[in-house]
Amino acid sequence: MTQEELFKKLIAHCKEYGFIFPSSEIYDGLSAVYDYGQMGVELKNNIKKYWWEAMVRLNENIVGIDAAIFMHPRVWEASGHVGAFNDPLIDNKDSKKRYRADVLIEDWLAKQDEKIEKEVAKARKRFGENFDEALFRETNGRIGEIKAKRDEANHRMVQALTDNDLAALKQLIEDLEIVCPISGTKNWTDVRQFNLMFETKIGSVSEGAGTIYLRPETAQGIFVNFLNVQKSGRMKIPFGIAQIGKAFRNEIVARQFIFRMREFEQMEMQFFVRPGQEMEWFKHWKEYRMRWHRALGFGDNMYRFHDHEKLAHYANAATDIEFNFPFGFKEVEGIHSRTDFDLGNHAKFSGRKIQYFDPETNESYTPYVIETSIGVDRMVLQVLSAAYQEEQLENDSRVVLRIPAPLAPVKVAVLPLVKKDGLPEMAKEIVDMLKFDYNVTSDEKDSIGKRYRRNDAIGTPLCVTVDHQSLEDRTVTVRHRDTMEQQRVKIDELPSIVEQVTGMKSLFKNILK
Ligand code: ATP
(Lines give C-alpha, C1' and ligand atoms only; values in the text may rest on other atoms or scores of the structure.)
Protein backbone atom coordinates (compact mmCIF):
# COMPACT_ATOMS: atom_id res chain seq x y z
CA MET A 1 0.00 0.00 0.00
CA THR A 2 1.43 3.42 -0.90
CA GLN A 3 1.49 6.19 1.67
CA GLU A 4 -1.16 8.00 -0.35
CA GLU A 5 -3.51 5.02 -0.22
CA LEU A 6 -2.84 4.67 3.49
CA PHE A 7 -3.71 8.31 4.05
CA LYS A 8 -6.98 7.95 2.12
CA LYS A 9 -7.89 4.92 4.20
CA LEU A 10 -7.11 6.80 7.38
CA ILE A 11 -9.44 9.65 6.37
CA ALA A 12 -12.24 7.18 5.63
CA HIS A 13 -11.57 5.37 8.90
CA CYS A 14 -11.79 8.65 10.84
CA LYS A 15 -15.24 9.24 9.43
CA GLU A 16 -16.51 5.69 9.81
CA TYR A 17 -15.55 5.45 13.47
CA GLY A 18 -16.63 8.92 14.61
CA PHE A 19 -13.27 10.70 14.84
CA ILE A 20 -13.49 13.45 12.22
CA PHE A 21 -16.25 14.59 9.86
CA PRO A 22 -16.20 17.25 7.13
CA SER A 23 -17.94 20.38 8.46
CA SER A 24 -21.61 20.85 7.44
CA GLU A 25 -21.37 17.71 5.39
CA ILE A 26 -25.07 17.56 4.45
CA TYR A 27 -24.43 20.84 2.59
CA ASP A 28 -21.40 19.28 0.84
CA GLY A 29 -18.90 20.49 3.44
CA LEU A 30 -16.88 23.65 3.92
CA SER A 31 -13.36 23.61 2.58
CA ALA A 32 -10.63 23.08 5.19
CA VAL A 33 -13.07 23.03 8.11
CA TYR A 34 -13.72 19.83 10.06
CA ASP A 35 -15.81 18.64 13.00
CA TYR A 36 -14.62 16.21 15.64
CA GLY A 37 -16.98 13.34 16.39
CA GLN A 38 -17.52 11.34 19.56
CA MET A 39 -14.13 9.58 19.38
CA GLY A 40 -12.20 12.52 17.94
CA VAL A 41 -13.18 14.88 20.72
CA GLU A 42 -12.00 12.42 23.37
CA LEU A 43 -8.65 12.00 21.62
CA LYS A 44 -8.32 15.75 21.22
CA ASN A 45 -9.16 16.39 24.88
CA ASN A 46 -6.58 13.83 25.97
CA ILE A 47 -3.92 15.46 23.80
CA LYS A 48 -4.77 18.83 25.30
CA LYS A 49 -4.58 17.35 28.80
CA TYR A 50 -1.20 15.77 28.02
CA TRP A 51 0.11 19.13 26.86
CA TRP A 52 -1.44 21.21 29.63
CA GLU A 53 -0.22 19.00 32.42
CA ALA A 54 3.25 18.60 30.92
CA MET A 55 3.56 22.36 30.62
CA VAL A 56 1.53 23.92 33.44
CA ARG A 57 1.48 21.24 36.12
CA LEU A 58 5.00 19.82 35.75
CA ASN A 59 6.61 23.26 35.57
CA GLU A 60 6.07 25.27 38.72
CA ASN A 61 6.90 28.52 36.94
CA ILE A 62 4.26 28.16 34.20
CA VAL A 63 0.63 29.22 34.62
CA GLY A 64 -2.26 29.09 32.19
CA ILE A 65 -4.85 31.57 30.90
CA ASP A 66 -7.82 31.54 28.56
CA ALA A 67 -8.03 34.81 26.61
CA ALA A 68 -10.88 35.86 24.32
CA ILE A 69 -10.75 35.21 20.58
CA PHE A 70 -11.78 38.79 19.80
CA MET A 71 -9.13 41.36 20.63
CA HIS A 72 -8.68 45.07 20.15
CA PRO A 73 -7.76 45.65 16.48
CA ARG A 74 -4.62 47.56 17.47
CA VAL A 75 -3.24 44.27 18.85
CA TRP A 76 -2.80 43.01 15.29
CA GLU A 77 -1.12 46.21 14.16
CA ALA A 78 1.35 45.94 17.04
CA SER A 79 2.00 42.26 16.35
CA GLY A 80 2.71 42.94 12.68
CA HIS A 81 -0.18 40.79 11.43
CA VAL A 82 -2.04 43.62 9.69
CA GLY A 83 1.06 44.60 7.72
CA ALA A 84 2.88 41.33 7.25
CA PHE A 85 0.76 38.24 7.87
CA ASN A 86 0.73 37.42 4.21
CA ASP A 87 1.33 34.40 2.07
CA PRO A 88 2.67 34.70 -1.49
CA LEU A 89 0.12 33.05 -3.76
CA ILE A 90 0.26 32.02 -7.40
CA ASP A 91 -2.40 30.60 -9.72
CA ASN A 92 -2.08 28.12 -12.53
CA LYS A 93 -4.05 29.57 -15.45
CA ASP A 94 -4.98 26.17 -16.87
CA SER A 95 -6.14 24.29 -13.80
CA LYS A 96 -7.29 27.52 -12.07
CA LYS A 97 -5.70 26.08 -8.91
CA ARG A 98 -4.11 28.37 -6.38
CA TYR A 99 -0.86 27.57 -4.59
CA ARG A 100 1.49 29.11 -2.07
CA ALA A 101 4.56 30.02 -4.09
CA ASP A 102 6.93 29.09 -1.26
CA VAL A 103 5.21 25.72 -0.79
CA LEU A 104 5.59 24.89 -4.50
CA ILE A 105 9.30 25.57 -4.20
CA GLU A 106 9.59 23.66 -0.91
CA ASP A 107 7.94 20.65 -2.55
CA TRP A 108 10.51 20.87 -5.34
CA LEU A 109 13.31 20.99 -2.72
CA ALA A 110 11.85 17.94 -0.95
CA LYS A 111 11.90 16.07 -4.28
CA GLN A 112 15.63 16.79 -4.65
CA ASP A 113 16.21 15.41 -1.13
CA GLU A 114 14.29 12.28 -2.11
CA LYS A 115 16.47 11.89 -5.20
CA ILE A 116 19.59 12.05 -3.03
CA GLU A 117 18.20 9.46 -0.61
CA LYS A 118 17.38 7.17 -3.55
CA GLU A 119 20.99 7.38 -4.79
CA VAL A 120 22.23 6.53 -1.29
CA ALA A 121 19.81 3.62 -0.96
CA LYS A 122 20.91 2.24 -4.36
CA ALA A 123 24.57 2.46 -3.37
CA ARG A 124 23.93 0.85 -0.01
CA LYS A 125 22.41 -2.12 -1.80
CA ARG A 126 25.29 -2.29 -4.25
CA PHE A 127 28.16 -2.06 -1.73
CA GLY A 128 26.58 -4.01 1.10
CA GLU A 129 28.43 -4.08 4.39
CA ASN A 130 31.43 -2.11 3.18
CA PHE A 131 29.32 0.93 2.39
CA ASP A 132 30.74 4.17 3.80
CA GLU A 133 27.65 6.37 3.61
CA ALA A 134 29.23 9.59 4.80
CA LEU A 135 32.04 9.31 2.24
CA PHE A 136 29.58 8.44 -0.54
CA ARG A 137 27.40 11.46 0.26
CA GLU A 138 30.45 13.70 0.16
CA THR A 139 32.13 12.40 -2.98
CA ASN A 140 29.45 11.07 -5.32
CA GLY A 141 29.22 13.27 -8.40
CA ARG A 142 25.50 12.85 -9.06
CA ILE A 143 24.62 13.73 -5.43
CA GLY A 144 26.95 16.72 -5.55
CA GLU A 145 25.15 17.99 -8.65
CA ILE A 146 21.65 17.60 -7.17
CA LYS A 147 22.71 19.13 -3.87
CA ALA A 148 24.34 22.16 -5.47
CA LYS A 149 21.19 22.86 -7.50
CA ARG A 150 19.00 22.33 -4.46
CA ASP A 151 21.05 24.59 -2.21
CA GLU A 152 21.14 27.34 -4.78
CA ALA A 153 17.34 27.22 -5.19
CA ASN A 154 16.87 27.23 -1.43
CA HIS A 155 19.15 30.23 -1.09
CA ARG A 156 17.24 32.12 -3.78
CA MET A 157 13.89 31.31 -2.12
CA VAL A 158 15.05 32.46 1.32
CA GLN A 159 16.44 35.65 -0.20
CA ALA A 160 13.23 36.39 -2.14
CA LEU A 161 11.05 35.77 0.93
CA THR A 162 13.30 37.90 3.14
CA ASP A 163 13.25 40.75 0.61
CA ASN A 164 9.55 40.23 -0.05
CA ASP A 165 10.54 40.08 -3.74
CA LEU A 166 7.53 38.48 -5.44
CA ALA A 167 8.99 38.77 -8.94
CA ALA A 168 12.06 36.83 -7.83
CA LEU A 169 9.82 34.07 -6.44
CA LYS A 170 8.01 33.80 -9.76
CA GLN A 171 11.34 33.75 -11.63
CA LEU A 172 12.54 30.91 -9.40
CA ILE A 173 9.38 28.87 -10.09
CA GLU A 174 10.00 29.39 -13.82
CA ASP A 175 13.72 28.60 -13.63
CA LEU A 176 13.06 25.36 -11.72
CA GLU A 177 10.44 24.50 -14.36
CA ILE A 178 7.87 23.70 -11.67
CA VAL A 179 4.60 22.47 -13.16
CA CYS A 180 1.11 22.52 -11.69
CA PRO A 181 0.41 19.08 -10.17
CA ILE A 182 -3.12 19.17 -11.65
CA SER A 183 -2.72 20.54 -15.19
CA GLY A 184 0.95 19.67 -15.61
CA THR A 185 1.61 23.07 -17.23
CA LYS A 186 3.89 25.99 -16.39
CA ASN A 187 1.27 28.59 -17.22
CA TRP A 188 1.53 30.68 -14.00
CA THR A 189 0.15 34.06 -12.97
CA ASP A 190 2.32 36.58 -11.13
CA VAL A 191 2.86 36.04 -7.40
CA ARG A 192 0.62 38.18 -5.17
CA GLN A 193 0.39 38.77 -1.43
CA PHE A 194 -2.69 37.60 0.45
CA ASN A 195 -3.52 38.47 4.08
CA LEU A 196 -4.57 35.45 6.10
CA MET A 197 -6.70 37.13 8.77
CA PHE A 198 -10.48 36.81 8.83
CA GLU A 199 -12.30 40.09 9.38
CA THR A 200 -15.64 40.63 11.00
CA LYS A 201 -17.63 43.50 12.51
CA ILE A 202 -18.24 44.22 16.16
CA GLY A 203 -21.30 46.25 17.28
CA SER A 204 -24.36 47.02 15.20
CA VAL A 205 -23.96 48.81 11.91
CA SER A 206 -26.08 51.74 13.08
CA GLU A 207 -23.67 52.34 15.96
CA GLY A 208 -20.83 52.53 13.49
CA ALA A 209 -19.49 49.01 13.69
CA GLY A 210 -15.74 48.52 13.82
CA THR A 211 -13.69 45.94 11.97
CA ILE A 212 -12.08 43.32 14.14
CA TYR A 213 -10.22 40.11 13.38
CA LEU A 214 -10.57 36.51 14.41
CA ARG A 215 -7.23 35.84 16.10
CA PRO A 216 -4.74 34.07 13.80
CA GLU A 217 -2.71 32.85 16.80
CA THR A 218 -3.27 32.58 20.54
CA ALA A 219 0.09 34.13 21.46
CA GLN A 220 -1.09 37.75 21.48
CA GLY A 221 -3.69 37.01 24.17
CA ILE A 222 -0.74 36.05 26.37
CA PHE A 223 1.37 39.11 25.57
CA VAL A 224 -1.40 41.60 26.30
CA ASN A 225 -1.97 39.88 29.66
CA PHE A 226 1.71 39.78 30.61
CA LEU A 227 1.40 42.48 33.28
CA ASN A 228 -1.92 41.15 34.63
CA VAL A 229 -0.56 37.66 35.17
CA GLN A 230 2.87 38.76 36.39
CA LYS A 231 1.40 41.12 38.98
CA SER A 232 -1.61 39.06 40.13
CA GLY A 233 0.44 35.86 40.29
CA ARG A 234 3.57 37.61 41.66
CA MET A 235 5.52 35.76 38.99
CA LYS A 236 9.32 35.97 38.95
CA ILE A 237 11.30 35.75 35.75
CA PRO A 238 11.90 33.24 34.25
CA PHE A 239 8.24 32.22 34.00
CA GLY A 240 5.78 31.10 31.37
CA ILE A 241 2.13 31.63 30.41
CA ALA A 242 0.33 28.86 28.55
CA GLN A 243 -2.89 28.86 26.60
CA ILE A 244 -4.99 26.49 24.49
CA GLY A 245 -7.51 27.97 22.09
CA LYS A 246 -8.91 28.40 18.62
CA ALA A 247 -7.12 30.32 15.90
CA PHE A 248 -8.28 31.22 12.40
CA ARG A 249 -6.38 31.63 9.15
CA ASN A 250 -7.79 32.07 5.70
CA GLU A 251 -5.34 29.54 4.26
CA ILE A 252 -5.01 29.76 0.50
CA VAL A 253 -4.26 26.16 -0.06
CA ALA A 254 -6.24 23.87 2.15
CA ARG A 255 -4.75 20.43 1.82
CA GLN A 256 -4.00 17.23 3.62
CA PHE A 257 -7.07 16.81 5.75
CA ILE A 258 -6.70 18.39 9.21
CA PHE A 259 -3.06 19.35 8.58
CA ARG A 260 -3.99 22.77 7.25
CA MET A 261 -7.35 24.09 8.38
CA ARG A 262 -9.02 27.49 8.36
CA GLU A 263 -10.26 27.08 11.93
CA PHE A 264 -7.90 25.17 14.20
CA GLU A 265 -6.64 25.00 17.74
CA GLN A 266 -3.25 25.92 19.14
CA MET A 267 -1.42 25.13 22.36
CA GLU A 268 1.05 27.91 22.97
CA MET A 269 3.40 28.80 25.79
CA GLN A 270 5.34 32.05 26.04
CA PHE A 271 8.32 31.89 28.39
CA PHE A 272 9.64 35.23 29.65
CA VAL A 273 13.36 35.46 30.35
CA ARG A 274 16.09 37.96 31.16
CA PRO A 275 17.58 39.47 27.95
CA GLY A 276 20.77 37.65 27.06
CA GLN A 277 19.53 34.34 28.47
CA GLU A 278 17.20 33.55 25.58
CA MET A 279 19.51 31.13 23.76
CA GLU A 280 19.90 28.96 26.85
CA TRP A 281 16.13 28.77 27.25
CA PHE A 282 15.60 28.24 23.53
CA LYS A 283 17.78 25.13 23.83
CA HIS A 284 15.95 24.01 26.97
CA TRP A 285 12.52 24.26 25.37
CA LYS A 286 13.67 22.62 22.14
CA GLU A 287 14.79 19.58 24.09
CA TYR A 288 11.81 19.52 26.47
CA ARG A 289 9.30 19.69 23.63
CA MET A 290 11.08 16.99 21.64
CA ARG A 291 10.97 14.71 24.69
CA TRP A 292 7.22 15.41 25.00
CA HIS A 293 6.72 14.11 21.45
CA ARG A 294 9.07 11.16 21.73
CA ALA A 295 7.51 9.98 25.01
CA LEU A 296 4.55 8.81 22.91
CA GLY A 297 6.70 6.00 21.58
CA PHE A 298 6.18 6.31 17.82
CA GLY A 299 9.95 6.03 17.32
CA ASP A 300 12.62 8.73 17.61
CA ASN A 301 13.32 8.53 13.87
CA MET A 302 9.79 9.84 13.20
CA TYR A 303 10.84 13.33 14.37
CA ARG A 304 13.41 15.85 13.31
CA PHE A 305 14.26 19.50 13.89
CA HIS A 306 14.15 21.91 11.01
CA ASP A 307 16.04 25.08 11.87
CA HIS A 308 14.75 28.16 10.08
CA GLU A 309 17.01 29.98 7.69
CA LYS A 310 14.46 32.67 6.99
CA LEU A 311 13.54 34.10 10.37
CA ALA A 312 10.20 35.80 10.99
CA HIS A 313 10.38 39.53 11.59
CA TYR A 314 10.28 39.02 15.36
CA ALA A 315 12.66 36.09 15.84
CA ASN A 316 16.39 35.66 16.49
CA ALA A 317 16.25 31.86 16.40
CA ALA A 318 13.57 29.40 15.31
CA THR A 319 13.13 25.72 14.72
CA ASP A 320 10.28 23.40 13.82
CA ILE A 321 9.67 19.94 15.17
CA GLU A 322 8.71 17.93 12.11
CA PHE A 323 6.88 14.61 12.13
CA ASN A 324 7.01 11.97 9.44
CA PHE A 325 3.40 12.11 8.19
CA PRO A 326 2.21 9.81 5.37
CA PHE A 327 2.94 12.79 3.07
CA GLY A 328 6.48 13.32 4.42
CA PHE A 329 8.18 15.25 7.21
CA LYS A 330 6.09 18.33 8.08
CA GLU A 331 5.90 20.85 10.89
CA VAL A 332 3.82 20.04 13.96
CA GLU A 333 5.36 22.54 16.34
CA GLY A 334 7.35 25.76 16.16
CA ILE A 335 9.82 26.93 18.81
CA HIS A 336 10.78 30.55 18.42
CA SER A 337 13.00 33.00 20.21
CA ARG A 338 10.86 36.12 19.75
CA THR A 339 13.18 38.65 21.45
CA ASP A 340 11.37 41.62 23.08
CA PHE A 341 9.49 42.29 19.84
CA ASP A 342 5.96 41.61 21.07
CA LEU A 343 6.08 43.19 24.52
CA GLY A 344 8.10 46.11 23.11
CA ASN A 345 5.58 46.75 20.34
CA HIS A 346 2.58 46.45 22.63
CA ALA A 347 4.22 49.03 24.92
CA LYS A 348 4.70 51.31 21.92
CA PHE A 349 1.19 50.88 20.49
CA SER A 350 -0.69 51.00 23.82
CA GLY A 351 1.40 53.71 25.44
CA ARG A 352 1.71 51.53 28.58
CA LYS A 353 4.94 50.64 30.30
CA ILE A 354 5.30 46.88 29.89
CA GLN A 355 8.40 46.01 31.85
CA TYR A 356 9.59 43.78 34.63
CA PHE A 357 11.51 44.90 37.68
CA ASP A 358 14.10 42.25 38.43
CA PRO A 359 14.78 42.14 42.19
CA GLU A 360 17.96 40.17 41.57
CA THR A 361 19.61 42.74 39.35
CA ASN A 362 17.70 45.78 40.60
CA GLU A 363 16.78 46.90 37.10
CA SER A 364 13.71 47.12 34.90
CA TYR A 365 13.69 45.62 31.43
CA THR A 366 11.44 44.30 28.68
CA PRO A 367 11.65 40.50 28.99
CA TYR A 368 12.70 38.33 26.06
CA VAL A 369 10.40 35.53 25.00
CA ILE A 370 10.75 31.90 23.97
CA GLU A 371 7.59 30.54 22.40
CA THR A 372 6.51 26.93 21.94
CA SER A 373 3.55 26.67 19.58
CA ILE A 374 1.86 23.45 18.52
CA GLY A 375 -1.35 22.76 16.62
CA VAL A 376 -3.79 20.43 18.41
CA ASP A 377 -5.18 19.20 15.11
CA ARG A 378 -1.75 18.43 13.65
CA MET A 379 -1.07 16.51 16.85
CA VAL A 380 -4.31 14.55 16.34
CA LEU A 381 -3.19 13.77 12.80
CA GLN A 382 0.25 12.75 14.04
CA VAL A 383 -1.24 10.32 16.55
CA LEU A 384 -3.79 8.87 14.11
CA SER A 385 -1.39 8.45 11.22
CA ALA A 386 1.24 6.79 13.42
CA ALA A 387 -1.37 4.61 15.11
CA TYR A 388 -3.29 3.30 12.06
CA GLN A 389 -2.31 -0.25 11.14
CA GLU A 390 -3.80 -3.02 9.07
CA GLU A 391 -2.73 -6.37 10.39
CA GLN A 392 -2.97 -9.82 8.90
CA LEU A 393 -3.72 -12.35 11.63
CA GLU A 394 -3.72 -16.14 11.36
CA ASN A 395 -7.33 -16.55 10.25
CA ASP A 396 -8.41 -12.97 10.14
CA SER A 397 -7.29 -9.41 9.62
CA ARG A 398 -7.84 -6.32 11.70
CA VAL A 399 -7.49 -2.56 11.58
CA VAL A 400 -6.01 -1.40 14.84
CA LEU A 401 -5.32 2.11 16.09
CA ARG A 402 -2.25 1.79 18.28
CA ILE A 403 -2.96 5.08 19.99
CA PRO A 404 -0.72 5.55 23.05
CA ALA A 405 -3.00 4.21 25.81
CA PRO A 406 -3.07 7.44 27.88
CA LEU A 407 -4.46 9.28 24.82
CA ALA A 408 -6.96 6.64 23.71
CA PRO A 409 -10.58 7.91 23.49
CA VAL A 410 -12.00 4.90 25.36
CA LYS A 411 -9.78 3.31 27.98
CA VAL A 412 -11.79 0.19 28.76
CA ALA A 413 -14.64 -1.63 27.02
CA VAL A 414 -16.55 -3.96 29.31
CA LEU A 415 -18.09 -6.85 27.39
CA PRO A 416 -20.56 -9.32 28.89
CA LEU A 417 -20.11 -12.60 27.00
CA VAL A 418 -23.89 -13.07 26.67
CA LYS A 419 -26.83 -10.76 27.18
CA LYS A 420 -28.37 -12.83 30.02
CA ASP A 421 -27.72 -14.78 33.24
CA GLY A 422 -26.75 -11.65 35.15
CA LEU A 423 -23.63 -10.94 33.04
CA PRO A 424 -24.83 -7.49 31.82
CA GLU A 425 -25.49 -6.55 35.45
CA MET A 426 -21.99 -7.52 36.45
CA ALA A 427 -20.58 -5.58 33.48
CA LYS A 428 -22.50 -2.55 34.66
CA GLU A 429 -21.05 -2.94 38.13
CA ILE A 430 -17.53 -2.81 36.61
CA VAL A 431 -18.38 0.21 34.45
CA ASP A 432 -19.76 2.00 37.53
CA MET A 433 -16.58 1.24 39.45
CA LEU A 434 -14.25 2.60 36.74
CA LYS A 435 -16.24 5.47 35.25
CA PHE A 436 -15.30 8.05 37.87
CA ASP A 437 -11.70 7.92 36.67
CA TYR A 438 -11.80 6.69 33.06
CA ASN A 439 -13.84 6.83 29.89
CA VAL A 440 -15.36 3.35 29.92
CA THR A 441 -17.97 1.81 27.60
CA SER A 442 -20.05 -1.29 27.67
CA ASP A 443 -20.90 -3.22 24.51
CA GLU A 444 -23.30 -6.15 24.32
CA LYS A 445 -24.02 -6.48 20.57
CA ASP A 446 -22.49 -9.12 18.25
CA SER A 447 -19.97 -11.86 18.89
CA ILE A 448 -17.07 -11.20 21.24
CA GLY A 449 -14.66 -11.31 18.27
CA LYS A 450 -16.56 -8.58 16.47
CA ARG A 451 -16.62 -6.48 19.63
CA TYR A 452 -12.83 -6.84 19.98
CA ARG A 453 -12.41 -5.68 16.36
CA ARG A 454 -14.64 -2.66 16.89
CA ASN A 455 -12.59 -1.67 19.90
CA ASP A 456 -9.29 -2.26 18.05
CA ALA A 457 -10.56 0.09 15.35
CA ILE A 458 -11.06 2.94 17.82
CA GLY A 459 -7.89 2.15 19.75
CA THR A 460 -9.34 0.90 23.06
CA PRO A 461 -6.32 -0.43 24.97
CA LEU A 462 -8.21 -2.83 27.27
CA CYS A 463 -11.28 -5.02 26.85
CA VAL A 464 -12.71 -6.66 29.94
CA THR A 465 -14.86 -9.72 29.29
CA VAL A 466 -17.37 -10.91 31.86
CA ASP A 467 -18.36 -14.60 31.60
CA HIS A 468 -20.13 -17.22 33.72
CA GLN A 469 -17.02 -17.92 35.75
CA SER A 470 -17.02 -14.25 36.73
CA LEU A 471 -20.28 -14.82 38.61
CA GLU A 472 -18.67 -17.58 40.62
CA ASP A 473 -15.24 -16.20 41.49
CA ARG A 474 -15.38 -12.48 40.57
CA THR A 475 -12.62 -12.78 37.97
CA VAL A 476 -12.70 -11.42 34.41
CA THR A 477 -10.58 -11.65 31.26
CA VAL A 478 -8.52 -8.60 30.34
CA ARG A 479 -7.55 -8.47 26.68
CA HIS A 480 -4.74 -6.14 25.57
CA ARG A 481 -5.18 -4.32 22.25
CA ASP A 482 -1.61 -4.43 20.95
CA THR A 483 -0.58 -7.98 21.84
CA MET A 484 -4.13 -9.42 21.91
CA GLU A 485 -2.96 -11.29 25.00
CA GLN A 486 -5.54 -12.22 27.59
CA GLN A 487 -5.14 -12.53 31.32
CA ARG A 488 -7.52 -13.66 34.03
CA VAL A 489 -7.66 -11.17 36.91
CA LYS A 490 -9.77 -10.38 39.94
CA ILE A 491 -12.31 -7.59 39.48
CA ASP A 492 -10.71 -5.81 42.44
CA GLU A 493 -7.41 -5.64 40.56
CA LEU A 494 -8.93 -3.79 37.59
CA PRO A 495 -8.41 -0.20 38.82
CA SER A 496 -4.68 -0.69 39.30
CA ILE A 497 -4.28 -2.49 35.94
CA VAL A 498 -6.15 0.25 34.10
CA GLU A 499 -4.06 2.92 35.80
CA GLN A 500 -0.83 1.16 34.98
CA VAL A 501 -1.70 0.81 31.29
CA THR A 502 -3.52 4.07 30.62
CA GLY A 503 -2.18 6.57 33.17
CA MET A 504 -0.22 9.57 31.88
CA LYS A 505 2.43 9.16 34.57
CA SER A 506 4.66 6.96 32.39
CA LEU A 507 4.67 9.63 29.66
CA PHE A 508 5.51 12.41 32.12
CA LYS A 509 8.40 10.43 33.58
CA ASN A 510 9.92 10.14 30.11
CA ILE A 511 9.70 13.89 29.58
CA LEU A 512 11.36 14.80 32.86
CA LYS A 513 14.10 12.21 32.42
P1 ATP B 1 2.82 26.49 8.19
O2 ATP B 1 4.22 26.87 7.74
O3 ATP B 1 2.54 25.02 8.10
O4 ATP B 1 1.75 27.35 7.61
P5 ATP B 1 3.27 28.17 10.42
O6 ATP B 1 4.75 28.17 10.48
O7 ATP B 1 2.55 29.32 9.84
O8 ATP B 1 2.77 26.81 9.75
P9 ATP B 1 2.90 28.82 13.16
O10 ATP B 1 2.40 30.18 12.87
O11 ATP B 1 4.29 28.68 13.72
O12 ATP B 1 2.72 27.89 11.88
O13 ATP B 1 1.84 28.09 14.09
C14 ATP B 1 2.21 27.18 15.11
C15 ATP B 1 1.55 25.84 14.92
O16 ATP B 1 0.15 25.98 14.69
C17 ATP B 1 2.06 25.06 13.73
O18 ATP B 1 3.23 24.34 14.06
C19 ATP B 1 0.90 24.13 13.45
O20 ATP B 1 0.97 22.97 14.28
C21 ATP B 1 -0.31 24.94 13.84
N22 ATP B 1 -0.96 25.49 12.64
C23 ATP B 1 -0.63 26.63 11.98
N24 ATP B 1 -1.45 26.83 10.95
C25 ATP B 1 -2.33 25.80 10.96
C26 ATP B 1 -3.45 25.44 10.14
N27 ATP B 1 -3.83 26.20 9.13
N28 ATP B 1 -4.12 24.31 10.44
C29 ATP B 1 -3.77 23.54 11.47
N30 ATP B 1 -2.74 23.83 12.27
C31 ATP B 1 -2.02 24.94 12.04
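The residues of the chain are indexed from 1 along the displayed sequence. Atoms within a ligand are numbered from 1 in the order they appear, just like the ligands themselves. Any value given below was found using the heavy atoms of this structure, including those in side chains, with hydrogens, waters and symmetry copies removed.
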- Mind checking whether G375 has an N or O less than 3.5 Å away from an N or O of ligand 1? yes
Item to check | Enclosure of K246 NZ (heavy-atom neighbours >12, cutoff 6.0 Å) | outcome: yes
A student comparing E217, E331, E333 should find that the heavy atom closest to atom 17 (C) of ligand 1 comes from E331
Within-cut-off N or O pair, E268 and ligand 1, under 3.5 Å: no
Residues pairing under ring pair (Phe, Tyr, Trp, His ring centres under 6.0 Å) where one sits in residues 172-193, two or more places apart or in two chains, turn out to be Y99-W188
| said: Measuring centre to centre across the rings, with the benzene-like ring taken for any Trp, is Y17 within less than 6.0 Å of F19? | reply: no
Residue, atom and distance of the protein heavy atom nearest atom 22 (N) of ligand 1 read F264 CE1, 3.5 Å
For atom 28 (N) of ligand 1, the closest protein heavy atom turns out to be M261 N, 2.9 Å
Original post:
Quick one: does E371 get within less than 4.0 Å of ligand 1, heavy atoms only?
Top reply: no
Does even one non-hydrogen atom of E251 get within less than 4.0 Å of ligand 1?
-> yes
Can you confirm if the NZ or CZ of K44 lies within 45° of the ring axis of Y36 and under 6.0 Å from the centre of its six-membered ring? yes
| message | Checking N345 against E77 for the side chain to side chain donor-acceptor pair (under 3.5 Å) test, could you report, in this order, the C-alpha distance in whole Å, the side-chain angles of both residues, the deciding distance, and whether it holds? | response | CA-CA 9 Å; N345 259 18; E77 287 172 39; over 6 Å; no
With heavy atoms and a 4.0 Å threshold, my read on which part of R100 contacts ligand 1 is side chain
The protein heavy atom nearest to atom 4 (O) of ligand 1 is R260 NH1, 2.8 Å
task: Could you tell me whether some N/O pair between D377 and ligand 1 is separated by less than 3.5 angstrom?
output: no
The protein heavy atom nearest to atom 29 (C) of ligand 1 is F259 O, 3.3 Å
Contacts satisfying side-chain hydrogen bond (donor to acceptor under 3.5 Å, both in side chains) that involve residues 503-512 (not counting sequence neighbours) are N510-K513
Can you check whether Y303 reaches F329 side chain to side chain, under 4.5 Å on heavy atoms? no
| request: Answer yes or no for H336: is there a heavy-atom contact with ligand 1 below 4.0 Å? | output: yes
Requested in this report: Fit a plane to each ring of H306 and H308, take the angle between them on a 0 to 90° scale, and name the class: parallel (under 30°), tilted (30 to 60°) or perpendicular (over 60°).
Outcome: tilted
Under 4.0 Å from one or more heavy atoms of S373, ligand 1 contributes atoms 13 (O), 14 (C), 15 (C), 18 (O)
To atom 10 (O) of ligand 1, the nearest of E265, Q266, R249 on a heavy-atom basis is R249
among protein heavy atoms, the one nearest atom 19 (C) of ligand 1 is R378 NH1, 3.5 Å
Exercise. Are any non-hydrogen side-chain atoms of R98 and I90 less than 4.5 angstrom apart?
Worked result: no
Stacked cation flag K286 on F305, 6.0 angstrom / 45 deg:
yes
Counting heavy atoms under 4.0 Å, the part of V332 that contacts ligand 1 is backbone
